[in-house]
**Q** 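Please see the structure below; I have some questions.
Keep in mind that what you see is a predicted model, and the values were worked out from it rather than measured. All values below come from the heavy atoms of this structure, side chains included, with hydrogens, waters and symmetry mates left out. Proteins get letters first, then strands, A, B, ... in listed order; numbering begins at 1 in each.
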Amino acid sequence: MTELITQHLNEPQHEAVTAEPKHLLILAGAGSGKTRVLVHRIAYLIETGHATPYSILAVTFTNKAAKEMRDRIEALLNRPTQGMWVGTFHGLAHRLLRTHWKEAGLPEHFQIMDSDDQHRLIRRIIKTMQLDETKWPPKQAQWFINNKKDEGIRPHAMGDQDDVFNTTMLQIYETYEKTCQQSGLVDFAELLLRAYEMWQNNPELLAHYQARFNQVLVDEFQDTNGIQYAWLRLLAGDNTHFTAVGDDDQSIYGWRGAKIENIQRFTRDYPGTYTLRLEQNYRSTSTILNAANTLISHNTGRLGKELWTAGEKGDPIALYAAFNEQDEARYIVERISSWVASPDNKRSDVAILYRSNAQSRVLEEALLKAGIPYRIYGGQRFFERAEIKDALAYLRLMANRHDDAAFERAVNMPTRGIGGITLDIIRSQAREREISLWQSTENLINSEHLSSRASTAVGQFLELISTLARHCEDLALEEQIEKMLQTSGLLQHYQQQRNEKAQARVENLEELANAAAQFTPPEEDTRTTPLVAFLSHAALEAGEMQASEYDDCVQMMTLHSAKGLEFPFVFLAGMEEGLFPHQMSLQEEGRLEEERRLCYVGITRARKKIVMTHAETRRLHGREMMHAPSRFISELPNELVEHVRAKAVVSRPSADFHPRPSFKTDAATNIAVAATTIDGAPVQLGQRVKHAKFGEGVVLNCEGQGEQARLQVYFESVGSKWLVASFAKLESLS
DNA sequence: CATACTGCTGTTTTT
DNA sequence: CAGCAGTATG
């Protein structure tokens with residue numbers, strides 16, 4: 001069995017899996033089999049009796065990575081991972097807090113807030129503190145608070161501040177904390193900090209977990225932030241063995257608090273840590289790897305690692321200089337079309353990666369026009385849609401009447417005659433007496449401080465929630481949700497509207513009930529109600545609900561979301577100074593290096609082919625911008641890059657061009673033929689032509705047929721022009 | 001209370 | 001340009 005686990009590993013992998021030292025640091029390059037090593041090591045530790053499933057804790061950053069790890073361990077061991085703690089930092093912290101809510105100082109049914117909830121709550125707080133929102137943007141306060149929490153710093157630990165900014169931020173932070181505690185709300189950073197403090201304040205509890213987990217494995221170690229590292233340090237008792245896997249060259253989340261230094265800190269904090277490197281890449285051609293290695297060598301202070309491969313050289317990296325973003329998209333679509341024209345290739349082999357989401361639109365339009373199916377990753381996620389969050393707000397109130405964030409959201413959605421003035425009264429009383437909005441409302445109704453109209457409206461709302469909660473007590477989760485959708489008036493609100501958007505919202509709400517029907521609470525949540533468990537799940541795994549994941553689509557995503565994935569054919573679009581590296585990162589050297597790592601991540605996603613594109617001009621924020629090609633392009637070895645000129649594209653029409661709507665492919669030659677002629681001969685896409693005034697050019701496109709046909713021709717002298725074929729007097733240049 | 005208009009702001013994203 | 005949030009208006 002042990003042989004089975006280790007038999008298909010290379011030498012360093014084998015060593016990483018079977019290493020004996022107490023603490024192990026594995027520097028694993030892109031495509032070197034990092035997850036594989038981690039999974040095999042866990043299996044090995046169990047099979048050899050070094051550990052029991054019960055004593056293993058493996059932590060990742062995303063739910064997806066956690067699920068993959070669990071699945072692969074199960075497949076390898078051929079039995080379920082019962083007893084093992086495999087999950088995300090946040091997931092595991094949540095589990096601890098649910099189990100030990102009392103020790104953590106939380107109400108039993110505490111709820112998790114996502115960043116959107118958090119943002120609203122902070123905005124609310126800034127308003128009630130009577131601060132000028134333009135001077136104190138909620139975004140900034142949110143950033144401040146999360147940063148402090150990521151560093152493990154509570155308001156009281158900050159002491160007196162000497163400038164207005166920090167003083168005000170601290171005040172907001174303090175008020176925010178108070179409100180959260182009162183409402184039983186926990187944000188993402190709070191999950192980690194609370195779990196940390198809970199251990200710190202309960203030594204016997206900590207000792208229990210230290211004794212239990214003797215094998216702790218951490219994936220993507222370069223992405224850990226301050227509190228995550230501190231949490232791991234705390235967990236490590238005398239008999240804890242650490243395995244940390246990471247790649248400093250793939251650290252791309254510094255901007256949200258990830259500390260690449262944690263890797264070095266680890267070796268300092270745990271003397272005797274055995275460091276080993278996985279440098280053989282099983283993914284990419286040597287061309288791609290050389291390009292990636294050369295690029296990343298421009299960064300300073302690396303831990304040092306050079307990927308190599310036994311694989312073949314492969315194609316050079318193609319570089320296309322587009323005139324503008326339209327032309328860039330056009331070129332990419334053409335390359336995809338010709339790739340897909342071969343029966344061996346699939347659309348899903350292709351990924352278009354870009355720096356920022358705004359770039360996707362032009363690409364999308366071009367793909368749409370060419371009739372190529374695509375899928376965009378990242379974007380609105382199911383549990384983050386407005387209508388879903390509204391529904392969740394009702395559910396949250398049902399579970400916990402003091403959830404102020406939920407109260408704010410549900411109280412007038414759909415509108416029920418509760419105006420801003422009434423709410424202001426409720427809020428100010430809640431603030432004065434330090435009670436929840438719910439309690440404040442109850443008080444105000446009883447003390448008759450509200451106008452009779454407002455009082456009835458608000459009273460009906462309280463009644464609605466209370467009866468709803470009562471009626472739902474004995475119902476199954478999805479029945480509760482259906483009941484809520486009906487009685488809250490949410491569903492009706494959207495059903496009344498006739499437009500398509502509202503229709504989609506109705507469907508989403510129905511899908512919510514569906515999701516609830518599929519939901520089974522995880523083991524640690526069985527002690528709470530299914531509703532509370534479901535709400536936690538919604539916040540913690542906002543998931544994309546795997547839309548058409550299995551379809552054969554071109555994949556589009558930002559470079560950030562491409563980390564961890566691989567594709568045979570990768571496009572890196574928008575390789576321009578100011579875009580990538582992004583304008584905002586050009587000031588500091590550190591941020592520029594992170595951009596470079598991002599580019600490194602992009603390049604190392606590719607198995608076989610890379611096409612990079614940049615546009616000479618691009619419409620950005622409504623303005624025409626000129627950008628120089630990205631410095632990252634010039635940081636690649638010259639001999640590995642092939643500049644694609646309009647000319648060069650044209651010299652191999654069959655390979656690089658594919659018929660577009662106005663062209664027909666000649667079956668025999670596989671050459672695109674326009675529905676018009678020059679000198680009596682059919683025009684080919686990519687054909688070289690001569691114009692009396694503009695000189696030599698290349699046929700790029702054709703619209704219409706026969707006499708009316710218009711040809712798009714790219715001339716070296718004037719760029720691309722649309723010409724009516726019958727008037728242009730074009731001369732064919734073979 | 002809903003709609004229209006205005007002004008502002010524009011990286012990356014998981015939990 | 002375009003999407004959002006917040007305000008003015010009916």
**Q** For the residue pair A/H560 and A/Y253, categorise the inter-ring angle as parallel (less than 30°), tilted (30 to 60°) or perpendicular (more than 60°).
**A** tilted
**Q** For A/L92, report the nucleic acid contact type (base, sugar-phosphate, nothing); a contact means any heavy atom under 4.0 Å.
**A**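 The residue A/L92 makes no contact with any strand.
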**Q** Are A/R256 and B/dT11 close enough that a side-chain N or O sits under 4.0 Å from OP1 or OP2?
**A** no
**Q** Strictly below 4.0 Å, N to O, side chains only: are A/D247 and A/K563 in salt-bridge contact?
**A**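 No, A/D247 and A/K563 are not salt-bridged.
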**Q** What does A/E624 touch in the nucleic acid at a heavy-atom separation under 4.0 angstrom: a base, only the sugar-phosphate, or nothing?
**A** nothing
**Q** Parallel, tilted or perpendicular: which fits the ring planes of A/Y229 and A/F221, with parallel below 30° and perpendicular above 60°?
**A**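 Perpendicular: the ring planes of A/Y229 and A/F221 meet at over 60°.
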**Q** For DNA chain B, determine which residues of residues 557-567 of chain A have any heavy atom closer than 4.0 angstrom to one of its atoms, and list them numerically.
**A** A/T558, A/H560, A/S561
**Q** Between the side chains of A/D219 and A/K34, is the shortest nitrogen-to-carboxylate-oxygen separation below 4.0 Å, so that they form an ion pair?
**A** yes
**Q** For a quick check of understanding: with a heavy-atom distance under 4.0 Å over all strands, which category does A/N357 fall into, base, sugar-phosphate or nothing?
**A**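 Since only primed, P, OP1 and OP2 atoms lie under 4.0 Å of A/N357, the category is sugar-phosphate.
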**Q** Look at all strands and tell whether A/D223 reaches a base, only sugar-phosphate, or nothing, counting heavy atoms closer than 4.0 Å.
**A**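 No contact at all - A/D223 keeps every heavy atom at 4.0 Å or more from the nucleic acid.
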**Q** Of the listed nucleotides (B/dT12, C/dG6, B/dG10), which one gets closest to any side-chain atom of A/S356?
**A**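 Of all the options, the side chain of A/S356 is nearest to B/dT12.
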**Q** Select one nucleotide: of B/dT12, B/dC1, B/dT15, the one nearest the side-chain heavy atoms of A/R591.
**A** B/dT12
**Q** Flag this pair as yes if the NZ/CZ of A/R385 is under 6.0 angstrom from the six-membered ring centre of A/F382 and inside a 45 degree cone about the axis; otherwise no.
**A**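 No, cation not above the ring by the 6.0 Å, 45° rule.
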**Q** Between B/dT14, B/dT11, C/dC1, which one does the side chain of A/T62 approach most closely?
**A** B/dT14
**Q** Picking from A/E541, A/R98, A/Q111, what satisfies side chain to side chain donor-acceptor pair (under 3.5 Å) with A/S536?
**A** A/R98
**Q** Tell me whether A/E365 is salt-bridged to A/K369, with the criterion being a basic N under 4.0 Å from an acidic carboxylate O.
**A**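 Salt bridge between A/E365 and A/K369, a charged N being under 4.0 Å from a carboxylate O: no.
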**Q** OP1 or OP2 of B/dC1 versus the side-chain N and O atoms of A/R416: is any pair under 4.0 Å?
**A**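 For B/dC1, neither OP1 nor OP2 has a side-chain N or O of A/R416 closer than 4.0 Å.
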**Q** When all nucleic acid strands are considered with a 4.0 Å heavy-atom cut-off, which category describes A/R361: base, sugar-phosphate, or nothing?
**A**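 Sugar-phosphate, no base atom in range.
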**Q** Stacking between A/F61 and the base of B/dT15 (centre distance under 5.5 Å, interplanar angle under 30°)?
**A** no
**Q** Which nucleotide in the set B/dT11, C/dG6, C/dC1 lies at the smallest distance from any side-chain heavy atom of A/R355?
**A**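 Out of B/dT11, C/dG6, C/dC1, the nucleotide with an atom closest to A/R355's side chain is B/dT11.
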**Q** Can you tell me which nucleotide in B/dT14, B/dT12, B/dT15 comes closest to the side chain of A/S115?
**A** B/dT15
